[in-house]
Amino acid sequence: MAGGGFAVDGPVTGINNGKITLSVVITCIVAASCGLIFGYDIGISGGVTTMVPFLHKFFPSVLRKASQTKPNIYCVYDSQLLTSFTSSLYLAGLAASLVASRLAKIIGRRNIMLLGGSTFLVGSALNGGAVNVAMLILGRILLGFGVGFTNQSAPIYLSEVAPPKWRGAFSTGFQFFIGIGVLAANCINYATAKQEHGWRISLGLAIVPAAIMTFGALFITDSPSSLVQRNKFEQAKKALINIRGKDTDIEPELALLIKNSEIAKAIDEEPFMTIFQRQYRPQLVIGMIAIPFFQQVTGINIIAFYAPVLFQSVGFGNDSALIAAIILGMVNIVSILVSTYTVDRYGRRFLFMEGGIQMFITQVGVAIVLAITTGTDGTKHISKGYAILVLVLMCLYAAGFGWSWGPLSWLIPSEIFPMKIRSTGQSMGLAMNFATTFVLSQTFLSMLCHFKYGTFLFYGAWIFAMTIFVALFLPETKGIPLDSVHTVWEKHWYWRRFVQSSIPEDTINHEY
Ligand code: BGC
């Protein structure tokens, strides 16, 4: 089949596959807006950590280093304390994501989103009013709990609620809102950077996206799947009628949800153990380990962090550094929309591979330009022309990420696990994503300081590896209802050896 997939375009289970109602659109926009808080935090923490009054108050050693004559552009921000400020969020997020899957069984996905939004709100207030590093880090830990909860529940919610045929498109909404959050934060940083207490405004304003998403979540119902799991069958039926439309026969979908939920309950296993059974090896390797890990070793956060620093250090000043970040943010958002349009038409594999090749070429390009212009010790000035070339390369890189590893890393783990281990699988995948982000943010500043432009080659090599991985091991899931996704493993040239087949052997057309 073209594109190497074996998408099933028609409904496989008698479920209405493609109808889009206004209600499902609104519900999914609200759920996707959970991405706002994560994005806002990413954007704000990157910008605030380059603001002089902020550094002066909390991290004066960074400023002392920057004022040395002839600073090395790769090493200015190499401070352990600054690193722990940025990365404390990810450890808290990791813990929260694991708790979230258990809690979801009791209180449902919608309430987990509410909990995440509220915790984030409190953390934002603490950060905005911080008087010492301890308060700052405590606030960040609460923000981490917040995004741990919302990043666990929102992507699954979207996959469960979206019409199967357009699941990919709906799911990209989460990354879209992350992008909006990043961009809004960059603009706010731009406006506050010169004010003495600008950092307080930047950090404190995080309550706005938190309030928006928490308020929105009050008005949506839980996903039908989550309601069925909690034996709320009548509510599940109402929720299905609401999102699929009054004139749609929702009975087949409801019956399938109930059947799967009963199977899951009858087995009564510990989901954190079930996931390690041989039959779930494909989901374990792809959804829990490879995709979340690879997303981070694309180096996206390093590029996002390094762009302002680079442009500042070549003499563009604080303003231009933030403008460069804003340009990158806008490119990113537009490219996510490209993904929204294409993901259910051309499939996940096509986007992953195109994006991967583009990101590989541009990462290597950035490394080459930096090697030629800044010299091995990183002290030479880059001319404006070369700085613009680096910006262009970074924009192409951000576009590649925006239509591949950005949105798809949330989509794939939310759609490949069967119902009984979906929450647990998504949690563990998210924990992997946070753990990798934590390790990278702990090491990246000193890595940049020691390996210099070689850092970009390091990520380039990972991008190469992950693109090959996708080509060989990721089956196409476009258009397949969640409850039939297991069939893709049965047809896959490698994964079929791990799963029990429900498809007659002679009808299988082995493909990727
Ligand atoms: C990633 C973040 C990244 C963001 C960039 C998200 O999908 O998980 O690590 O900073 O995209 O927009």
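Predicted model, so just to flag it, every value in this text is computed and none were measured. One-based numbering, in listed order, for ligands and for the atoms of each.
- Although no hydrogens or angles enter the test, the distance criterion places no donor-acceptor pair under 3.5 Å between the side chain of Q358 and the main chain of A399.
- Using a 30° and 60° split on the angle between ring planes, F54 and F85 fall in the tilted class, from 30° to 60°.
- Among protein heavy atoms, the minimum distance from atom 11 (O) of ligand 1 is reached at Q175 NE2, 3.0 Å.
- For atom 8 (O) of ligand 1, the nearest non-hydrogen atom of the protein is Q295 OE1, 2.9 Å.
- Geometric assessment of R345 against the ring of Y341 yields a positive cation-pi assignment under the 6.0 Å and 45° thresholds.
- Numbered from 1 in the order shown, with element, the atoms of ligand 1 that lie under 4.0 Å from a heavy atom of I42 read 2 (C), 3 (C), 4 (C), 10 (O).
- At the top of the distance list for atom 3 (C) of ligand 1, counting protein heavy atoms only, stands N301 OD1, 3.4 Å.
- When each atom of ligand 1 is checked for a heavy atom of F38 under 4.0 Å away, the hits are 8 (O).
- In this structure, W410 is part of the shell of residues with a heavy atom less than 4.0 angstrom from ligand 1.
- In the model, S202 has a side-chain atom that pairs as donor or acceptor with a side-chain atom of T192 under 3.5 Å.
- Relative ring orientation between F469 and F294 is described as perpendicular, the plane-to-plane angle rising above 60° on a 0-90° scale split at 30° and 60°.
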